[in-house]
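Before any comments, here is the structure.
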Amino acid sequence: MNKPSIDETKLPKVMDIIDKAASLMEEKECGNDREAMQKLPELQKELADITGNPSIKITDFKRYWGYTSLEEISKKALMLPPVKENLTDAQIREIILNILSYDSESEMDYWIEYLTVNTGLPDLTDYIFYPDMKGLDGNASLEEIADKIISELQSTYI
């Protein structure tokens, strides 16, 4: 269970690539515009090369500004996708107890995705942000949320 790391020296270039692509997709009809049809695959390749993630999709960044900043989305792009590991209940608890105190939005998003991959709970964010939807009090503590997630996981494996 390693903390996600990014190469900060690549951040300005990734920000530039994402900004160019998002602007191009906003301004042009990508399926019909010759410039867009030529430039987007180039930007896609640049992004995949610099991030080391061949499955990253430039189109995922089309309207990033509606939910995050260019810097945060670029940091997220530089984080490799989480992999499945065999987490202990204590490790799951530790991540949940710290989920709201991570340094950045992109890091918090990474850990939520990490827990989703490793718990198999597709609605993991509901436990954290909408605990009342999961049978907890709306103001449940992170400890209570961790207990609920772990008990759900244990009941799945019994």
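For the single chain, residues carry numbers from 1 onward in sequence order. This is a predicted model, so every value here is computed, not measured.
- For the pair Ile95 and Tyr114, the minimum side-chain heavy-atom distance is below 4.5 Å.
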I would like to know whether Ile56 and Phe61 meet side-chain contact (heavy atoms from CB on, under 4.5 Å); could you show each step before the answer?
CA-CA 10 Å; Ile56 198 165; Phe61 305 102; 4.0 Å; yes
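- Atom-to-atom distance recorded for Leu115:CG and Tyr110:OH is 10.0 Å, nearest 0.5 angstrom.
- In this structure, CD on Glu107 lies 10.0 Å from OG on Ser5, to the nearest 0.5 angstrom.
- Contacts of Glu113 classified as side chain to side chain donor-acceptor pair (under 3.5 Å), with partners at least two apart in sequence or in another chain: none.
- Pairing each heavy atom of Lys134 with each of Lys148, the nearest pair is O-CE, 2.9 Å.
- Between Val117 and Val83, the closest heavy-atom pair is CG1-C, 4.0 Å.
- If you take CD1 on Ile17 and CG on Leu43, they are separated by 7.0 Å, rounding to the nearest 0.5 Å.
- The two residues Leu80 and Gly52 come nearest to each other via the heavy atoms CD2-O, 3.8 Å.
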Salt bridge (charged side-chain N to carboxylate O under 4.0 Å, His left out) assessment of Lys62 paired with Glu26
CA-CA 7 Å; Lys62 185 173 184 176; Glu26 183 71 10; over 6 Å; no
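- Taking the side chain as every heavy atom from C-beta outward, Lys13 and Glu46 approach each other to under 4.5 Å.
- If you take CD1 on Ile150 and CD1 on Ile96, they are separated by 5.5 Å, rounding to the nearest 0.5 Å.
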Could you go step by step and tell me if Lys20 and Asp16 meet the side-chain contact (heavy atoms from CB on, under 4.5 Å) rule?
CA-CA 6 Å; Lys20 283 179 183 174; Asp16 184 55; 3.2 Å; yes
Derivation and outcome, side chain to side chain donor-acceptor pair (under 3.5 Å), residues Gln91 and Asn118
CA-CA 11 Å; Gln91 289 170 315; Asn118 282 283; over 6 Å; no
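- Side-chain contact between Ile149 and Leu153 is present, with heavy atoms from C-beta onward closer than 4.5 Å.
- Between Leu100 and Phe129, some side-chain heavy-atom pair lies under the 4.5 Å cut-off.
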Report the C-alpha distance between Ile145 and Leu136 in whole Å, list the side-chain angles of each, state the deciding distance to 0.1 Å, and finish with yes or no for side-chain contact (heavy atoms from CB on, under 4.5 Å).
CA-CA 8 Å; Ile145 293 168; Leu136 292 165; 4.0 Å; yes
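- Note that CD of Glu152 and CG of Leu121 are 7.0 Å apart. Values are rounded to the nearest 0.5 Å.
- Checking side-chain atoms of Ser101 against main-chain N and O of Asn98 turns up a donor-acceptor pair under 3.5 Å.
- Asp19 and Tyr64 get closest at one heavy-atom pair: OD1-OH, 3.6 Å.
- Contact of the Tyr67 side chain with the Ile73 side chain is registered, since non-hydrogen atoms from C-beta on lie closer than 4.5 Å.
- With values rounded to the nearest 0.5 angstrom, Met108 atom CE is found 9.5 Å from Lys76 atom NZ.
- Using modelled atom types, one finds no donor on one side chain facing an acceptor on the other under 3.5 Å when comparing Ser69 with Glu71.
- Here the side chains of Asp89 and Gln154 are in contact, with some heavy-atom distance below 4.5 Å.
- For the pair Glu42 and Lys45, the salt-bridge criterion is not met [side-chain N within less than 4.0 Å of a carboxylate O].
- Taking both residues in full, the closest heavy atoms of Leu78 and Lys10 are given as CD2-CB, 3.9 Å, listed atom of the first, atom of the second, then distance.
- Leu47 places a side-chain heavy atom less than 4.5 Å from the side chain of Val14.
- Heavy-atom minimum distance, Ile128 versus Pro131: O-CD, 4.0 Å.
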Please test Met133 against Tyr127 for side-chain contact (heavy atoms from CB on, under 4.5 Å), starting from the C-alpha separation and ending with a verdict.
CA-CA 7 Å; Met133 292 176 65; Tyr127 290 89; over 6 Å; no
